[in-house]
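Heads up: the structure comes next, in structure tokens.
No hydrogens, no waters, no symmetry mates; every other heavy atom, side chains included, goes into these values. Both ligands and their constituent atoms are indexed starting at 1 by order of listing.
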Amino acid sequence: MSKVKKKVKVIKIDVDKCNGCRACEMICSSFHATPKYSSNNPARSRIRLIRDPIKDVYLPVYAGEYTAAECMGRDKYVIDGKEYDECGFCRASCPSRDVFKEPDSGLPLKCDMCEDDPPQEEPLCVKWCINDALTYEEREEEVEEEEKLGDMEIGLESLANQYGLQKIMDTVARMSKKG
Ligand code: SF4
Ligand code: SF4
């Protein structure tokens, strides 16, 4: 299999530097508004602030992958004595919560690293974070060229997205016992 170069973009988050100003939410939502910069609404932002000022919790989280099936359990982090919300660090647009969903359509939101038209050299949320809680890094990695998925794999992938991989595996195991 041949190797190709891949650019990896990283936003480093220093939660101790975040003061919860929400400038990142504002610029993200207005950059992605149609027409551009016509509105700003944190509910449409692809970065969200998990805030609990009484506990001094300010956690910026980026929208990642969409998932149709929620996790069976929940996680809860305690770091330096601060307890974060359940699923607080999770980046998924998931049925279990309201964040990372377009408020009108309910469609999932995902951070595109500001590669939207026109592509930005540096993510705008990073540029607007005057406290340097967000910093940007780029690196190149050599990876194997991805193989194109066949029809069966695409079908299985969409079933797994809808029901979760474990359910598909359980069903296949049940069917093979019957056979
Ligand atoms: S702009 Fe920076 S300091 Fe302000 S909420 Fe976002 S991450 Fe925190
Ligand atoms: S990198 Fe761009 S798209 Fe992603 S959260 Fe920041 S402003 Fe939004």
Side-chain angles (χ1 to χ4, degrees), residues 4-71 74-143 146 161:
V4 287
K5 294 244 188 229
K6 181 175 125 184
K7 193 189 270 184
V8 180
K9 300 179 166 189
V10 178
I11 296 174
K12 212 185 218 173
I13 303 164
D14 186 338
V15 286
D16 289 334
K17 289 186 179 166
C18 175
N19 66 0
C21 72
R22 304 181 77 181
C24 49
E25 291 183 341
M26 282 202 290
I27 188 61
C28 181
S29 65
S30 67
F31 178 64
H32 291 90
T34 316
K36 265 195 193 320
Y37 302 111
S38 59
S39 71
N40 85 62
N41 177 355
R44 297 183 201 280
S45 171
R46 293 136 198 244
I47 177 169
R48 294 309 306 269
L49 250 289
I50 311 251
R51 295 172 83 248
D52 190 342
I54 293 169
K55 292 193 211 150
D56 192 30
V57 166
Y58 302 103
L59 174 63
V61 184
Y62 287 86
E65 294 298 325
Y66 162 72
T67 176
E70 66 184 90
C71 296
R74 297 286 181 264
D75 60 18
K76 197 163 208 173
Y77 283 79
V78 180
I79 302 172
D80 288 338
K82 291 183 199 172
E83 191 169 295
Y84 290 84
D85 278 0
E86 276 184 9
C87 311
F89 285 83
C90 180
R91 300 179 56 204
S93 173
C94 158
S96 74
R97 58 184 185 174
D98 293 333
V99 290
F100 305 142
K101 286 176 191 141
E102 177 62 46
D104 304 322
S105 60
L107 288 171
L109 294 168
K110 185 179 175 188
C111 166
D112 62 2
M113 285 281 173
C114 292
E115 286 179 7
D116 200 359
D117 195 23
Q120 306 293 301
E121 262 180 39
E122 189 184 27
L124 290 175
C125 53
V126 172
K127 251 188 196 165
W128 277 56
C129 179
I130 54 167
N131 296 314
D132 291 334
L134 311 175
T135 44
Y136 180 59
E137 290 170 9
E138 255 181 35
R139 64 170 189 273
E140 266 198 349
E141 273 180 10
E142 253 196 5
V143 291
E146 269 182 37
N161 281 339

**Message:** Has R91 got a side-chain atom pairing as donor or acceptor with Y62's backbone, closer than 3.5 angstrom?
**Reply:** yes
**Prompt:** Relative to the heavy atoms of D112, which atoms of ligand 2 are at a distance of less than 4.0 Å?
**Reply:** 3 (S)
**Message:** Determine whether a donor-acceptor pair (N or O, by modelled atom type, separation under 3.5 Å) exists between the side chain of N19 and the backbone of C21.
**Reply:** yes
**Request:** Any atoms of ligand 2 less than 4.0 Å from a non-hydrogen atom of I47? List them with their elements.
**Result:** 5 (S)
**Item:** Residue P123 vicinity, atoms of ligand 2 by number, heavy atom under 4.0 Å
**Value:** 1 (S)
**Fill in**
To the nearest 0.5 Å, atom CG of L109 lies from atom OG of S29 at 10.0 Å
**Complete:** Going by the 4.0 angstrom heavy-atom rule, the piece of Q120 near ligand 2 is neither
**Request:** May I have all residue pairs that pass side chain to side chain donor-acceptor pair (under 3.5 Å) and include part of residues 32-43, sequence neighbours excluded?
**Result:** H32-D112
**Prompt:** In ligand 2, which numbered atoms sit nearer than 4.0 Å to a non-hydrogen atom of C28?
**Reply:** 3 (S), 5 (S), 7 (S), 8 (Fe)
**Item:** Partner set under side-chain hydrogen bond (donor to acceptor under 3.5 Å, both in side chains) for E86, not counting sequence neighbours
**Value:** none
**Message:** For K6, give me all partners under side-chain hydrogen bond (donor to acceptor under 3.5 Å, both in side chains), at least two apart in sequence or on another chain.
**Reply:** none
**Asked** Can you list the steps and then say if R139 with E141 is a salt bridge (charged side-chain N to carboxylate O under 4.0 Å, His left out)?
**Response** CA-CA 7 Å; R139 64 170 189 273; E141 273 180 10; 2.9 Å; yes
**Request:** Mark up the atoms of ligand 2 that fall under 4.0 Å of a heavy atom belonging to Y62, in ascending order.
**Result:** 5 (S), 6 (Fe)
**Asked** Which heavy atom of the protein is the closest neighbour of atom 6 (Fe) of ligand 2, given with residue, atom name and distance?
**Response** C125 SG, 2.3 Å
**Message:** Just to be careful: counting only protein atoms that are N, O or S, how many fall under 2.8 Å of atom 8 (Fe) of ligand 1?
**Reply:** 1
**Prompt:** atom 4 (Fe) of ligand 2: which protein heavy atom is closest, and how many Å away?
**Reply:** C111 SG, 2.4 Å
**Request:** Could you check atom 2 (Fe) of ligand 2 against the protein and tell me its nearest heavy-atom contact, residue, atom and distance included?
**Result:** C114 SG, 2.2 Å
**Request:** Apply the salt bridge (charged side-chain N to carboxylate O under 4.0 Å, His left out) test between K9 and each candidate in E137, E115, E138; give the one that qualifies.
**Result:** E115
**Request:** Heavy atoms only: give me the nearest C90-F100 pair and the separation to one decimal.
**Result:** O-CE1, 4.3 Å
**Complete:** Interatomic distance, CD1@I47 vs SG@C24, rounded to 0.5 Å, equals 4.0 Å
